[in-house]
Amino acid sequence: MSLGYAEKLSFIEDVGQVGMAEFFDPSHVLQCKIEELAKLIQKSKHLVVFTGAGISTSCGIPDFRGPKGIWTLQREGKDLPKASLPFHRAMPSMTHMALVELERAGILKFVISQNVDGLHLRSGIPREKLSELHGDSFMEMCPSCGAKYLRDFEVETIGLKETSRRCSVEKCGAKLKDTVLDWEDALPPKEIDPAEKHCKMADLVLCLGTSLQITPACNLPLKCLRGGGKIVIVNLQKTPKDKKANVVIHGLVDKVVAGVMESLNMKIPPYVRIDLFQIILTQSLSGDQRFINWTLRVASVHGLTSQLPFIESIEVSFSDNQNYKDAVLDKQPFLMKRRTARNETFDIFFKVNYSDGCDCVSTQLSLPFEFKVSTKEHVEIIDKEAVLQSLREKAVEESSCGQSGVVERRAVSEPRSEAVVYATVTSLRTYHCQQSLLANGYLKWKLEGSGTSRKRSRTGKRKSKAQEEESKA
């Protein structure tokens, strides 16, 4: 989980049991349980998956309660664990993408997440089939009109507080709020209600990588039991709900899920990360009408004041026949100003250098420069989803990243400016499961993921909305 998120949480003494011992089922036992789970999923009519921090540790995000978890090390007075890459660059794990395939196949009906890393949403799970009980570190919400904004940067606050941005919906403009709960915040009805509904409908609830300690969330899987549903828990530590489960599997979540997908004869899809940025060229005539004063800005699509966390620097150059000095923009905001003769036309070339955590080193782009007096505003109609899908397909086909395309182009007459929004593939992950037979006939798995380069109350329980209202009465 994000170290920043853990540091932003209000301090409480009791964070529950931490530093729990990890257990690993023997290989032959693990294989039998994997096959049993695969059969249960195959027979299931309403599969619900309930996830915790354990499905994201392979993404380079530390957990909370494991032997090297954030709260475990805090209690022991040790240094906090180091994330293997920036939080905003974390990629979905093999398990995340396997769930996407199960959802696309109509097998998985709903996902309930206790994580705030936003990886289920980024992986491709539809928002209407996902409950993020504790919020999303990359999501802002408008309290007035309900609009939601998924960011490529970690939102600076938690606890449902106001952020520095406003809603962009016309005639709204309210201040946005973060969506991540602090310890004393109640679970939002919009998240807990559908989660409870689907657990009651489920004939199988699969719990992945969760210690099942935080209430009331940890009791959600139990709601399937009244209707005859079954529970399977996959976790390295023992949980308080093990006795209620039909199957308890002690093994790495990715390894178990990979085995299940192989048993079901289903492939795990690749993950393609696409990021957006805009190049804005603003032009104006000088007082004597002889020159063009122009400003070039490379900015976030989330607003001119927002950071571009995935871009390290931008190298700007010009057509060979021009004498303009090249520039390297290495500080945000990425901005440069120039003056040129009024009738000059030329091309501006950009080399966008990406930051740590991106599989792609850089992307080359160009933009024609020509001053035209215009009184009309114009928005070019581009099929954004078609462009994004084409980029994904090219990245997978070429087994590389760096592909880019224009998804929006608009012109404004006053001041004269043109904005072009680019989509670029910055990371690619493919997932392979290689199996080999051991001497005893059981399977040995080799997992590969490759790229191209809460709030609880102080009693240990998170309040439901009903409990909160009752306490106020």
Side-chain angles (χ1 to χ4, degrees), residues 85-86 88-89 91 151-153 272-283 292-340 344-371 380 382 384 387-388 390-411 417-429 451-453:
L85 77 169
H88 62 84
R89 294 308 304 177
M91 302 293 160
R151 307 304 193 185
D152 51 26
F153 53 86
V272 180
R273 171 77 180 250
I274 297 178
D275 287 292
L276 305 178
F277 61 89
Q278 59 180 330
I279 297 178
I280 304 172
L281 186 62
T282 303
Q283 310 169 40
I292 306 298
N293 299 320
W294 55 270
T295 300
L296 180 73
R297 181 191 292 266
V298 180
S300 168
V301 295
H302 304 296
L304 298 183
T305 60
S306 297
Q307 293 287 298
L308 281 166
F310 57 93
I311 296 181
E312 184 71 27
S313 64
I314 299 169
E315 301 173 35
V316 184
S317 58
F318 303 89
S319 303
D320 293 338
N321 60 338
Q322 299 299 319
N323 296 319
Y324 304 126
K325 186 177 180 181
D326 295 349
V328 177
L329 311 179
D330 56 6
K331 292 183 180 179
Q332 300 200 37
F334 299 122
L335 184 72
M336 66 176 291
K337 296 182 178 182
R338 289 286 190 274
R339 168 179 277 204
T340 58
E344 284 189 281
T345 60
F346 50 88
D347 289 325
I348 306 175
F349 301 102
F350 304 88
K351 182 182 179 184
V352 181
N353 300 310
Y354 297 110
S355 58
D356 291 343
C358 297
D359 295 333
C360 184
V361 176
S362 63
T363 295
Q364 307 270 1
L365 302 170
S366 65
L367 190 69
F369 181 95
E370 181 180 7
F371 181 78
E380 183 179 340
I382 298 174
K384 180 178 178 180
V387 173
L388 297 179
S390 176
L391 292 177
R392 293 187 190 99
E393 291 173 356
K394 287 181 180 179
V396 173
E397 180 182 351
E398 298 169 3
S399 296
S400 65
C401 50
Q403 300 83 356
S404 63
V406 175
V407 295
E408 184 179 338
R409 194 190 303 270
R410 60 186 182 276
S417 64
E418 180 183 9
V420 183
V421 178
Y422 291 91
T424 183
V425 177
T426 55
S427 290
L428 170 66
R429 288 289 184 275
T452 52
S453 53

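Quick note: numbers below take in every heavy atom, side chains included, and nothing from hydrogens, waters or symmetry partners.
- Using a cut-off of 4.0 Å between Lys/Arg side-chain N and Asp/Glu carboxylate O, R273 and D359 are scored as not salt-bridged.
- Shortest non-hydrogen contact noted between G402 and C360 is CA-SG, 3.4 Å.
- Using a 4.0 Å cut-off between a side-chain N of Lys or Arg and a carboxylate O of Asp or Glu, E408 and K384 do not qualify as a salt bridge.
- Note that CG of L276 and CG of L388 are 7.0 Å apart. Values are rounded to the nearest 0.5 Å.
- Here the closest heavy-atom approach between residue T282 and residue S417 is recorded as OG1-CB, 3.6 Å.
- With values rounded to the nearest 0.5 angstrom, Q307 atom CD is found 13.5 Å from R151 atom CZ.
- Defined by atom type and a distance below 3.5 Å, a donor-acceptor pair is present between the side-chain atoms of N353 and S313.
- L281 approaches L296 most closely through the heavy-atom pair CD1-CD1, 4.0 Å.
- When all heavy atoms are compared, the tightest approach of F318 to M336 is CZ-CE, 4.1 Å.
- Residues V352 and I311 share a closest heavy-atom pair of CG1-CD1, 3.8 Å.
- Residues E312 and D356 are not in side-chain contact: their nearest non-hydrogen atoms beyond the backbone lie 4.5 Å or more apart.
- Using a 4.5 Å heavy-atom threshold, the side chains of L428 and S400 count as separate.
- If you take CZ on F350 and CD1 on I279, they are separated by 4.0 Å, rounding to the nearest 0.5 Å.
- Within 6.0 Å of CG on D326 lie more than 12 heavy atoms contributed by other residues, nucleotides or ligands.
- Between the side chains of R89 and T426, at least one donor-acceptor pair of N or O atoms lies under 3.5 Å.
- Nearest heavy-atom pair across F153 and H302 is CE2-CD2, 3.9 Å.
- Atom CD of Q283 sits about 9.5 Å away from atom OG1 of T295, to the nearest 0.5 Å.
- Note that SG of C401 and CD1 of I274 are 11.0 Å apart. Values are rounded to the nearest 0.5 Å.
- Judged as a ring pair (Phe, Tyr, Trp, His ring centres under 6.0 Å), and not counting sequence neighbours, Y354 has no contacts.
- The shortest side-chain heavy-atom distance between F349 and D347 falls under the 4.5 Å cut-off.
- Put simply, the side chain of S306 never gets that close to the backbone of V301: no donor and acceptor are under 3.5 Å apart.
- Between F310 and F277, the ring-plane angle classifies as tilted under the 30° and 60° cut-offs.
- Remark: side-chain polar atoms of R409 are not paired, donor with acceptor, to backbone N or O of E418 under 3.5 angstrom.
- With contacts defined as side-chain heavy-atom distances shorter than 4.5 Å, the pair I292/W294 qualifies.
- Within the model, atoms CD1 of I280 and CG of L335 stand 10.0 Å from one another, a figure rounded to the nearest 0.5 Å.
- Under the 6.0 Å cut-off for aromatic ring centres, F346 and Y324 qualify, their centroids lying closer than that.
- The main-chain N or O of S300 is found under 3.5 Å from a side-chain atom of Q278 such that the two form a donor-acceptor pair.
- The side chain to side chain donor-acceptor pair (under 3.5 Å) test with Q403 singles out one residue from R392, K394, E393, E398, and that residue is E398.
- For Q332, the side chain to side chain donor-acceptor pair (under 3.5 Å) test picks out no residue, with sequence neighbours left out.
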